[in-house]
Amino acid sequence: MNIFRLAGDMTHLFSVLVLLLKIHTIKSCAGISLKTQELYAIVFATRYLDIFTNYISLYNTIMKLIFLGSSFSIVWYMRRHKIVRRSYDKDQDTFRHYFLMLPCLILALIINEKFTFREVMWTFSLYLEAVAILPQLVLLQRTRNIDNLTGQYVFLLGAYRAFYILNWIYRYFTEEHFVHWITWISGLVQTLLYADFFYYYFQSWKNNVKLELPA
Amino acid sequence: TKDQVAKDEL
């Protein structure tokens, strides 16, 4: 494991913790897209199918359990918790997220490294993760008042993707046989989706004003 | 193997 991978995993972990902190302590999920959270739950469920059959390291297993547990509990909070769900911006969060899943599944059936159930599911999770942030970005754009925690959540997610790209560059030069087009291209697409957000995030930080995305 | 390398990430 290199420093970029670790930094990527940690920013990913912090993003989830920030979100859970917001939901659990403030009892609010205002500004958070349930559509994006449901997509992440599906992403982790389909990617970690091998969690108990393919052991890599204790670190990997624990992190997988954290991401699975946190993503499903966030969805539970937003759908079922009697206080939290009242703060959900249902009318603003209208992205038709199920329509993202079908193209990702078809693409995974066509473009994969091996045509097996596990491999297709794993590829599907990569494609879906690449676009899963879209409902959240649309919601951010509609929300006039982006609170700090929501802004930090999306920033940390974007940072996680950026670190993963550095990790792949590092691994490409330090390891043999490390060419994974599917992972790289879907990862790059995913990171580029954050470019616009990053621009406005740094602008607001530099000028010390509240984050607001242009409509 | 190649597969192992891809799957060791999260």
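In the text below, chain A, chain B and the rest are named by the order of the sequence lines, each starting its count at 1.
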Restricting to side-chain contact (heavy atoms from CB on, under 4.5 Å), what partner residues turn up for Thr46(A), sequence neighbours left out?
Ile42(A), Met121(A), Phe124(A), Ser125(A)

Run the side chain to side chain contact (heavy atoms under 4.5 Å, CB included) check on Lys64(A) and Leu10(B) step by step: do they pass?
CA-CA 7 Å; Lys64(A) 284 175 180 175; Leu10(B) 299 162; 3.8 Å; yes

Check ion pair Arg171(A)-Glu9(B) (N to O, under 4.0 angstrom):
yes

Are more than 12 heavy atoms from other residues, nucleotides or ligands located less than 6.0 Å from atom CH2 of Trp76(A)?
yes

Counting heavy-atom pairs under 4.5 Å with chain B, which one of Met63(A), Arg5(A), Met1(A) comes out on top?
Arg5(A)

Which portion of Trp168(A) sits near chain B, non-hydrogen atoms under 4.5 angstrom
side chain

For the backbone of Asp8(B) and the side chain of Asn60(A), can you confirm whether one donor and one acceptor N or O come within less than 3.5 Å of each other?
yes

Residue among Tyr59(A), Tyr164(A), Phe67(A) with most heavy-atom pairs under 4.5 Å to chain B
Tyr164(A)

Is Tyr170(A) atom OH crowded by more than 12 heavy atoms from other residues, nucleotides or ligands, each under 6.0 Å away?
no

Got Glu119(A) and Lys7(B) here, is their nearest side-chain heavy-atom distance under 4.5 Å?
yes

Around atom CG of Leu192(A), are there more than 12 heavy atoms from other residues, nucleotides or ligands closer than 6.0 Å?
yes

Not counting sequence neighbours, list each pair that qualifies as a salt bridge (charged side-chain N to carboxylate O under 4.0 Å, His left out) and has a residue in residues 24-41 of chain A.
Glu38(A)-Arg79(A)

Hey, is NE2 on His24(A) packed in by over 12 heavy atoms from elsewhere, all under 6.0 Å?
no

